[in-house]
Structures are given as C-alpha cells and as structure tokens.
Amino acid sequence: QVQLVESGGGLVQAGGSLRLSCAASGRTLSSYAMGWFRQAPGKEREFVAAISRGASITDYADSVKGRFTVSRDSAKNTVYLQMNSLKPEDTAVYFCAASTRIISRTGRDYDYWGQGTQVTVSS
C-alpha cells in the first residue's frame with residue numbers, strides 16, 4: 001500500500017506560482033510512475049502531468065505545457081508540481097497518483113491516489 005498526501009495548494013493571483021508536493025508513505029515511490037490530475041467544480045477529472053519512475057520521461061497536458069513542471073525527489077519520497085503563470089482556469093482540486101505503468105495520462109492506470117489539495121487562482 002502507498003499513502004499519498006498532497007500539500008502546497010492555496011489562493012494565488014493570476015500570474016502567480018505555487019508548488020504542490022505529494023509525499024508518500026508505506027512504500028518507496030521509486031517503484032511507481034507518478035501523475036498529477038485535477039478536477040474543477042462540475043467538470044471531469046483531467047490529466048495534468050506525469051513523470052516516469054526514473055524521471056527520464058515527463059508528459060504534460062497541452063493546457064499546462066511550458067507553465068508547469070513535474071519532478072521527483074527519491075531521497076524525500078516526494079513528487080512535486082511547480083506551477084507558474086497560473087490562470088483562473090487552473091482553479092481545481094489537484095490530486096497526485098501512483099501507477100505501475102511506465103507513464104500514463106489515464107486515471108484508471110493509477111492504483112493509489114491522494115486526497116487532493118485545492119488550488120484557487122483569482123483574476
């Protein structure tokens with residue numbers, strides 16, 4: 001079992017930055033590809049970014065490419081999502097998830113999920 005806990009969300013003005021963290025307990029994250037997803041009110045969950053086990057492969061949704069960066073720190077057993085140039089449409093609950101796949105944009109490929117952290121971007 002892997003327990004994931006997100007943190008770092010909050011309220012920020014448009015154009016600002018936030019860094020989300022996803023800390024794991026129970027097992028090392030080095031065995032998993034990690035993904036970030038988000039869900040806005042009234043909308044379906046959507047893929048944001050993913051990183052492979054060894055961090056050699058990253059993938060981003062077109063809507064965040066060039067603004068968000070996913071990374072991982074094996075020593076801290078933590079994955080990060082650096083979000084820059086935030087827009088009001090980035091407002092959502094952000095979730096991290098762990099997958100045994102090499103990398104994936106599909107939520108059903110992920111076996112473990114955190115509880116989410118709220119990100120609100122004001123205009």
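Every heavy atom of this structure was used, including side-chain atoms; hydrogens, water molecules and symmetry mates were not. Remember, it's a predicted structure, so these values are computed and weren't measured experimentally. The residues of the chain are indexed from 1 along the displayed sequence.
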task: Output the distance between atom CG (Asp73) and atom OG (Ser30), rounded to the nearest 0.5 Å.
output: 12.0 Å
statement: Rounded to the nearest 0.5 angstrom, the CZ-CG distance for Arg72 and Leu29 is 6.0 Å
- prompt: Between Arg101 and Tyr32, is any side-chain donor less than 3.5 angstrom from a side-chain acceptor?
  reply: no
- request: Starting at CD of Glu89, measure out to OG of Ser123 and round the result to the nearest 0.5 Å.
  value: 10.0 Å
- prompt: Just wondering, are more than 12 heavy atoms of other shown residues or ligands nearer than 6.0 Å to CD1 in Ile102?
  reply: no
task: For side chain to side chain contact (heavy atoms under 4.5 Å, CB included), just list the numbers for Ser99 and Met34, CA-CA rounded to whole Å, side-chain angles, deciding distance to a tenth of an Å, and then say yes or no.
output: CA-CA 6 Å; Ser99 172; Met34 298 298 296; over 6 Å; no
- request: Let me see the working for Val79 and Trp36 under side chain to side chain contact (heavy atoms under 4.5 Å, CB included), right down to the final yes or no.
  value: CA-CA 9 Å; Val79 177; Trp36 286 96; 3.6 Å; yes
field: Pairs satisfying disulfide bond (SG atoms under 2.5 Å apart), at least one member in residues 36-75, at least two apart
entry: none
task: First locate atom CZ of Arg19, then atom OG of Ser17, and finally report the distance between them rounded to the nearest 0.5 Å.
output: 12.0 Å
message: Within the structure provided, determine whether Val12 and Thr120 are in side-chain contact (heavy-atom separation under 4.5 Å).
response: no
Show every donor-acceptor pair shorter than 3.5 Å between a side-chain atom in residues 1-8 and any protein atom, with sequence neighbours excluded, or say none if there are none.
residue	atom	partner	partner atom	Å
Gln3	OE1	Ser25	OG	3.4
Glu6	OE1	Gln115	N	3.0
Glu6	OE1	Gly116	N	2.8
Glu6	OE2	Cys96	N	2.8
Glu6	OE2	Gly116	N	3.3

message: I need the minimum non-hydrogen distance between Thr78 and Lys76, along with the two atoms involved.
response: OG1-O, 2.8 Å
message: Is any side-chain heavy atom of Asn84 closer than 4.5 Å to one of Gln82?
response: yes
message: Ring of Tyr94, cation from Arg38 - is the NZ or CZ under 6.0 Å from the centre and inside 45° of the axis?
response: no
- request: Taking all heavy atoms of Ala92 and all of Ala40, pick out the closest pair and write down the distance.
  value: CB-N, 3.8 Å
field: Any side-chain heavy-atom pair of Tyr110 and Ser104 under 4.5 Å
entry: yes
query: Would a 4.5 Å heavy-atom cut-off, applied to side chains only, mark Met83 and Leu20 as touching?
result: yes
- prompt: Hey, are the side chains of Tyr112 and Thr100 touching, using non-hydrogen atoms and a 4.5 Å cut-off?
  reply: no
query: Should the pair Trp113 and Phe95 be assigned to parallel (<30°), tilted (30 to 60°) or perpendicular (>60°) ring geometry?
result: perpendicular
query: Quick one: are Phe47 and Asp59 in side-chain contact, heavy atoms under 4.5 Å?
result: yes
- prompt: Got a salt bridge between Lys87 and Asp90, using NZ or NE/NH1/NH2 to carboxylate O under 4.0 Å?
  reply: no
- prompt: Got a sec: does the CZ of Arg105 have more than 12 other heavy atoms crowding it under 6.0 Å?
  reply: yes
message: Between Val119 and Thr91, is the side chain to side chain contact (heavy atoms under 4.5 Å, CB included) condition met? List the steps.
response: CA-CA 5 Å; Val119 171; Thr91 295; 5.9 Å; no
task: Can you sort out the partners of Thr58 under side-chain contact (heavy atoms from CB on, under 4.5 Å), two or more places apart, ordered by chain and number?
output: Ile51, Tyr60, Val70
message: I'd like to know whether Val48 forms a side chain to side chain contact (heavy atoms under 4.5 Å, CB included) with Leu81, so could you lay out the CA-CA distance, the side-chain angles of the two residues, the decisive distance to 0.1 Å, and finally the verdict.
response: CA-CA 10 Å; Val48 176; Leu81 185 68; 4.1 Å; yes
